[in-house]
Each structure stands twice: as structure tokens, then as C-alpha cells.
Amino acid sequence: MNVSASRKLFNDSKKVIPSGVNSPVRYFEPYPFFTKKSNGAYVWDEDNRRYIDFCNAYGALLLGHRRKEIMNSVSKQLSKGTLYCTPTASEIELSKLIIGNFPSMDKVRLMNTGGEATMTAIRLARGFTKKKKIIKFEGCYHGAHDSVLVKAGSGSAHNGISVSDGGLDEVSKNTLVVEYNNIEDLQKTISKNKDIAGVIVEPILANMGLILPEKNFLSDMRKITKENNIPLIFDEVVTGFRVSPGGAQEHFGIKPDITTLAKALSNGFTISAVGGKKEIMNLLSPGGNVYQASTFAGNPISVSAAISSIKTINKIKNRLYSKLERFNLLFCKELDDMATDMKIPHQINFTASMFQIFFTNTPVTDYRTSKKANGKKFQKLFNTLLKQGVFIPPSQFEVVFLSDAHTQNDLNKTLDAYHTALKSVKN
Ligand SMILES: *Cc1c(COP(=O)(O)O)cnc(C)c1O
């Protein structure tokens with residue numbers, strides 16, 4: 001394998017970029033490959049090696065790399081300008097499309113990243129209730145800001161950081177952490193604390209590997225928060241548009257008070273959104289006193305990508321979701337059979353177009369059981385897949401994402417690669 005270009009770039013990168021990467025999960029041993037270009041289901045590294053991409057920008061690329069509808073609409077906008085910092089008609093069009101897919105929202109505000117969206121959602125919940133504490137679930141990841149970087153998943157779990165250095169105790173002590181899939185823990189925490197401004201949750205936990213909500217977990221959560229007048233925030237940064245056109249809330253039939261969207265909202269451009277009931281959303285500045293602002297919010301390039309992305313999803317939804325679900329189901333079944341035949345202790349969690357394998361005998365239902373799985377074996381699996389031209393996210397605590405660009409042939413090749421990778425895990 002010729003890896004010299006990426007190795008050279010990584011050595012160079014470390015001199016000017018901390019750890020050589022601009023986001024921690026991108027690093028892996030001994031060094032990450034550097035990407036030159038992408039198309040459809042593939043990325044190419046600087047040595048011109050092609051990988052079948054199952055990272056898909058951590059789920060953002062539901063429709064695949066450089067999807068033509070989106071490229072066309074962005075090209076059109078590029079010829080008209082990139083940033084005005086005035087309102088535009090296209091922002092109204094996008095907001096109506098989002099609200100159309102997410103009926104729990106009366107109003108929506110656009111911003112840039114998932115973390116910015118959850119930060120605003122939490123500030124809104126505090127502004128609305130005039131209360132202080134928030135409840136989050138162990139292993140859920142809501143971005144890299146202080147009040148949610150407590151027992152978080154994703155790169156934070158991968159690097160063993162429970163509370164980030166530089167974060168204030170005064171902030172993290174107002175974040176109460178409850179076990180995922182443990183409704184009694186939530187009930188108890190709410191009964192003991194009178195000062196709760198909001199509950200934030202990933203309706204499907206996609207940042208500790210993949211962890212599904214157990215039956216009634218979300219509906220009981222909705223019931224308890226309603227009874228206690230606590231706003232419920234669904235962080236649908238991963239699940240929005242991915243598990244259905246209306247996200248996990250459509251999938252499970254549950255209406256949160258506030259929703260955050262980002263990754264698959266624009267199929268690969270910088271944009272996020274916070275939406276919810278109008279009595280909450282109207283608190284945002286300048287009409288209300290909950291401040292939120294950004295120079296790049298609602299930028300015309302990302303807005304044009306998101307409009308085209310949602311329109312494309314809505315147009316093809318009848319075949320898109322059933323196809324991805326069928327591909328995923330068949331893939332996971334084959335993978336399960338292989339691992340069982342090889343007598344490798346394992347769990348496979350999957351739903352819609354996402355899955356993850358864990359090397360453990362214990363069902364993975366929360367932070368603790370996900371942490372218990374054999375991470376060294378997972379790392380070996382990752383490296384062996386990579387050598388065969390299959391790129392999955394480089395951490396046990398992320399998720400494998402299918403896209404509309406994957407073909408049956410890509411999946412067959414990937415299954416073969418997993419077969420070899422499982423053998424390497426067994427040895
Ligand atoms: C990725 C992610 C975020 C953070 O989004 P960024 O755009 O990386 O800030 C928030 N919530 C969830 C559920 C995510 O997966």
C-alpha cells in the first residue's frame with residue numbers, strides 16, 4: 001500500500017494544526033489519510049486510493065457526495081453572490097420546507113453548526129422557563145460547548161474526556177446526567193430537582209456507536225416532561241432527514257418542544273436549524289431577550305443547498321428510505337451470520353440507514369454497555385477495512401452511515417471486506 005503522500009502531509013500538518021486535524025475524531029493511528037476528492041459513494045486520498053465511504057461526513061451526506069441536484073442549485077447561487085447579511089427570500093422558502101417536514105415547529109431559525117443549534121436550544125429553554133439546570137443523557141453528544149460536554153459521546157468518549165479542561169464547574173454542575181434508556185433515573189432526577197429548564201436527548205443515540213431507544217423510553221420521556229412543564233429538546237442533528245423526512249419525531253410519532261437539525265439538512269454544506277413552538281421561538285432576539293446571532297447564519301450558499309436537499313428528499317422519499325432500510329437490514333443480517341459462524345462475540349445495532357458492530361456478549365443499550373465492548377478489536381476491524389478500501393468512521397463510538405449513492409455492488413464488496421476484517425479480529 002502506498003501511503004507516503006498522506007504520511008508526509010500528516011507530518012507537515014502537525015506543525016501547523018494541533019494534532020494535525022481540525023476535529024478530534026478525524027485522527028486515528030498511525031495517521032489519517034488525506035482526501036483529495038469525492039464523488040457519489042467514494043472518496044479518493046492523495047495517493048489516488050479509492051475508498052467506499054461509509055462515514056459520509058458523519059451522516060451529513062444522505063444523498064451521497066456531489067449530488068447533482070444540490071451541486072446545480074449551489075452553482076446557480078454562486079453566480080448571484082455568497083453572503084449578503086440581509087434577509088433573503090430563499091430563507092423563507094427553506095424555513096417553510098423545514099416546517100413542512102417537521103410539524104412540531106411553528107418557527108425555525110437558521111444557524112451554522114449542530115453545536116450552535118443545541119447551544120441556542122438550551123438557552124431558549126432556560127429563557128422560557130427562567131430555570132437553570134438541564135438534563136442530558138449519558139453518552140449523548142450535542143456539540144462542543146460547555147453545558148453539554150459532560151459525559152458526552154463521540155470523540156469526547158473516544159478520548160476518555162468526561163468533562164473538558166477549560167470548562168467551568170459552575171456550568172457543568174448545572175448539567176444533570178441521566179442514564180440513556182433508564183426512565184426511572186429521569187423520573188427520579190426530575191422529582192429531586194425543582195430547577196430544570198429542559199431535557200435534551202438524541203432520540204436515537206448515534207454517538208456511542210448506535211444505541212436504540214427502548215420501547216416507550218421516548219414516549220414516557222415526553223409524558224414526564226409535559227407533566228412537569230419541562231421543554232423537551234430533540235437533538236435531531238443526526239436523525240433529522242436520515243431516519244425519515246421528518247426525522248425521529250416522525251418515525252416515533254412524538255412531538256418535542258424544540259428540535260435541532262444540522263448534518264443531513266443540506267447534504268454537505270454548513271447549516272443548522274433550531275425550531276419549535278412559537279411561544280418559545282418568539283423569545284429570540286430582537287423580538288425577545290434570548291440572544292442568538294451569527295454573521296454566516298442563513299448564508300445563501302448553504303440555504304440553496306438545503307432547499308435543494310429537502311426538495312430532493314421529499315421527491316424520492318418513497319424509494320429512498322425503503323431502499324436504504326432494505327440494504328441495511330440485509331447487510332446487518334449477513335454480517336451477523338458471518339460473525340456468528342466465526343464464533344466472535346458481537347452485537348449489531350441498526351436502524352434505517354445506520355448500524356454499528358460491538359465486540360461483546362452484552363447487548364449494547366447505554367453508555368456503560370457501549371464502553372464495555374472491546375475497543376481494540378474495533379480498531380483492528382477499522383484498520384483492516386481501510387486497507388481494503390472501505391472507510392467507516394474511525395471510532396467505536398460513531399456510526400456507519402449508508403447513502404443513496406451506495407450500490408448493491410458497493411455493499412457486496414464491503415461485506416467481503418468485513419469478512420476479512422472479522423478474521424483479523426478473531427486472530
Ligand atoms: C454532530 C452532532 C452535533 C454537533 O454538530 P456540529 O455541527 O459538529 O457542531 C450535535 N448533536 C449531535 C446529535 C451530533 O451528532
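Both counts, for ligands and for their atoms, begin at 1 and track the order of listing. What you see below is based on every heavy atom in this structure, not just the backbone, and it leaves out hydrogens, waters and symmetry mates.
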inquiry  = Determine whether Glu116 and Arg109 satisfy the following criterion, salt bridge (charged side-chain N to carboxylate O under 4.0 Å, His left out), listing intermediate values before the conclusion.
reply    = CA-CA 11 Å; Glu116 210 184 332; Arg109 191 168 269 187; over 6 Å; no
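Listed by first and then second residue, the ring-ring contact (aromatic ring centres under 6.0 Å, His included) pairs involving residues 303-322 amount to none (not counting sequence neighbours).
Of all heavy-atom pairs spanning Thr270 and Asn112, the tightest one is CG2-O, 3.3 Å.
Heavy-atom neighbours of Tyr291 OH from other residues, nucleotides or ligands within 6.0 Å: at or below the threshold of 12.
Side-chain atoms of Thr239 and Glu236 form a donor-acceptor pair, as typed in the model, at a separation below 3.5 Å.
Ion pairing between Asp404 and Arg319 holds under the 4.0 Å rule for side-chain N and carboxylate O.
Protein residues are said to neighbour a ligand when one of their heavy atoms lies under 4.0 Å from it; for ligand 1 these are Thr113, Gly114, Gly115, Tyr141, His142, Gly143, Glu202, Asn207, Asp235, Val237, Val238, Lys263.
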